[in-house]
Amino acid sequence: MSIYKSIVIGTGPAGLTAAIYLARAGLAPLVIEGIQPGGQLTTTTEVENFPGFPEGIQGPELMDQMRKQAERFGAEFRSGWVTGVDFARQPRIITLEGGETLQTETIILSTGASARYLGIPGEQENVGRGVSTCATCDGFFFRGKKLLVVGGGDSAMEEASFLTRFATQVIIVHRRDELRASKIMQDRARSNGKIAWALNRTPVAVETDELGRVKGLRVLNNVSGQEELLEADGLFVAIGHTPNTAFLGGAVEIDSHGYIVVQPGTTKTNVQGVFACGDVQDRRYRQAITAAGSGCMAAMDCEKYLEGSMTHDWSETLN
C-alpha cells in the first residue's frame, strides 16, 4: 500500500490553502473531497471580503481557482467520504466509504463546521438569495433593508447587533419567551433601538414574492396558536454550527462543543502529525480568510514535523 507524506481532509479555504503550501513544498499531498467540495463558500454567491478581488468574486469561482492553484503545484484530489481514522499507529490510517484504507505520515483536518438550519420549507431553496447564516459575510448586501434573525443564543444576539449597521430594523425571532443568550449579550441587544422582538414564535416557512424574492417568515404564534407573516427582506439563521468531527470517533481531543482543540498559536492537535485548521477548530471567526490563514499554518506545521519525524524512507518511494 502506498504511503502518502500528507493527506488533507476537506476542500474549503483552509484545506485548499494547506494543499497549495504542501504541494509547493514538494510534499505531493492527497486531498480528500467530501460531499461538498469547496465547503460552505460554494453555497455563497458574491464574496466581497476576500483580499485580492476588489470587484468581488463568486464563492464557487473562488474555490475553483484555489483548487486549480493546488493542482498546478502537484496536489492530488480524490472524491470520497472518510468514515474512520486510526491515529494509534504510524503511519496513520484513514478509512474511506466502501472500506478502502489509506496510509499517511501526516494528516491535516479541515472538514469545517456546518451551519445549522431550521429545516422548514423555502429555507434551503433561498440560501444565498435572501437566506443566510453569516451576517459578517452577507450583511452588507442588505443595506437599508428590514431583516429577521432566528435564534436565542449569543450568536443570534451578536448577528442581530452587527446587522443593525446596515438594516433599518432587525427582528429577533425565537420559539420561547426566554433567551439562552448571556445577560450581557441580551442587554446589548435590548438596548439597541434598531432591534425588535418576536418571541414565542416558531418558524414555519420562508415566504417569497412572485419574483422569487424573500418577503418574510411565516411563524406560529405559540400563545395565540395562529400563524403570522413577519415581513422582511432577508432572513439570518443563527442557531449555531456543528463541527464536522463525528467521523474522528474521539481520535483527537475536542472541546465541549465538538471543535478540535489545537495548541495555542499552532494547528497541532494532541496527536503528533495530526493538524487541524479552518472552521473545524475555530468557534469564533469562521471566515474564509481566517480559514485560509490557518490552512497556511497547518501546512507549515506539517512540513516542520515531517523534517524530523518521518517513519517512511522517502528516498526509495515517491508518490
Tell me if a side-chain donor or acceptor on [X] pairs with a main-chain N or O of [Y] at a distance below 3.5 Å.
X    : Y    : result
E100 : E97  : no
D154 : S182 : yes
E123 : G119 : yes
S294 : G278 : yes
E159 : A135 : yes
N126 : G130 : no
S191 : R188 : yes
T11  : L16  : no

Item to complete: Show the numbers, then the answer: is there a side chain to side chain contact (heavy atoms under 4.5 Å, CB included) between I32 and I7?
Response: CA-CA 7 Å; I32 306 294; I7 290 180; 3.8 Å; yes
Over all heavy atoms of both residues, which pair between [X] and [Y] is shortest? Give the atoms and the distance, please.
X    : Y    : result
V204 : I120 : O-CB, 3.4 Å
I239 : Y117 : CD1-O, 3.6 Å
A181 : G153 : CB-C, 3.5 Å
S79  : E33  : OG-OE1, 3.4 Å
L229 : E207 : CD1-CG, 3.7 Å
L199 : D177 : CD1-O, 3.7 Å

Please indicate whether [X] has more than 12 foreign heavy atoms, meaning atoms of other residues, nucleotides or ligands, lying under 6.0 Å from its [atom1].
X    : atom1 : value
R218 : CZ    : yes
R190 : CZ    : yes
E48  : CD    : yes

Worksheet item: Given the rule in the side chain to side chain contact (heavy atoms under 4.5 Å, CB included) test, do I94 and Q103 qualify, once you have shown the distances and angles that lead to the verdict?
Response: CA-CA 7 Å; I94 292 175; Q103 296 187 63; over 6 Å; no
Can you find a side-chain donor-acceptor pair between [X] and [Y] that sits under 3.5 Å?
X    : Y    : result
R92  : T106 : no
S161 : N192 : no
T111 : N244 : no
Q65  : Q69  : no
R283 : H257 : yes
T202 : N222 : yes
T266 : D301 : no
E228 : N221 : yes

Are [X] and [Y] connected in the hydrophobic side-chain network, where two residues link if heavy atoms are under 4.5 Å apart?
X    : Y    : result
L30  : F87  : yes
M63  : Y21  : no
V8   : M300 : no
M297 : L109 : no
F275 : Y259 : no

Reported [atom1]-to-[atom2] distance for the pair [X] and [Y], which is rounded to 0.5 angstrom:
X    : Y    : atom1 : atom2 : value
S6   : L22  : OG    : CG    : 4.5 Å
F73  : L27  : CZ    : CG    : 13.5 Å
I57  : F50  : CD1   : CZ    : 9.0 Å
K146 : L148 : NZ    : CG    : 7.5 Å
L147 : L230 : CG    : CG    : 13.0 Å
I254 : T245 : CD1   : OG1   : 4.5 Å

State, yes or no, whether a side-chain contact exists between [X] and [Y] at a heavy-atom distance under 4.5 Å.
X    : Y    : value
F236 : D138 : yes
E76  : E71  : no
V261 : N270 : no
M157 : V149 : no
Q281 : T267 : no
H241 : D279 : no
V206 : P121 : no
T104 : I3   : no

Discussion item. Checking C277 against I108 for the side chain to side chain contact (heavy atoms under 4.5 Å, CB included) test, could you report, in this order, the C-alpha distance in whole Å, the side-chain angles of both residues, the deciding distance, and whether it holds?
Written reply: CA-CA 7 Å; C277 56; I108 292 180; 3.6 Å; yes
Practice prompt. Could you walk me through whether E307 and K304 pass salt bridge (Lys or Arg N to Asp or Glu O under 4.0 Å), step by step?
Written response: CA-CA 5 Å; E307 285 178 1; K304 186 68 175 177; 3.7 Å; yes
Worksheet item: What disulfide (SG to SG under 2.5 Å) pairs are there with at least one residue in residues 96-134, not counting sequence neighbours?
Response: C134-C137
Worksheet item: Do R286 and D282 sit within salt-bridge range, that is, some charged N less than 4.0 Å from a carboxylate O?
Response: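 Here R286 does not pair with D282 in a salt bridge, since their nearest N and O are not under 4.0 Å apart.
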Discussion item. Go through it in stages, so that I can follow the logic: the residues are S110 and V280, the test is side chain to side chain contact (heavy atoms under 4.5 Å, CB included), and I'd like the CA-CA distance, side-chain angles, deciding distance and then a yes or no.
Written reply: CA-CA 6 Å; S110 57; V280 76; 5.7 Å; no
Atom pairs and distances, side-chain donor-acceptor, residues 165-175, under 3.5 Å, sequence neighbours left out:
unit_1: T168; atom_1: OG1; unit_2: K145; atom_2: O; d: 3.2
unit_1: H174; atom_1: NE2; unit_2: E178; atom_2: O; d: 3.2

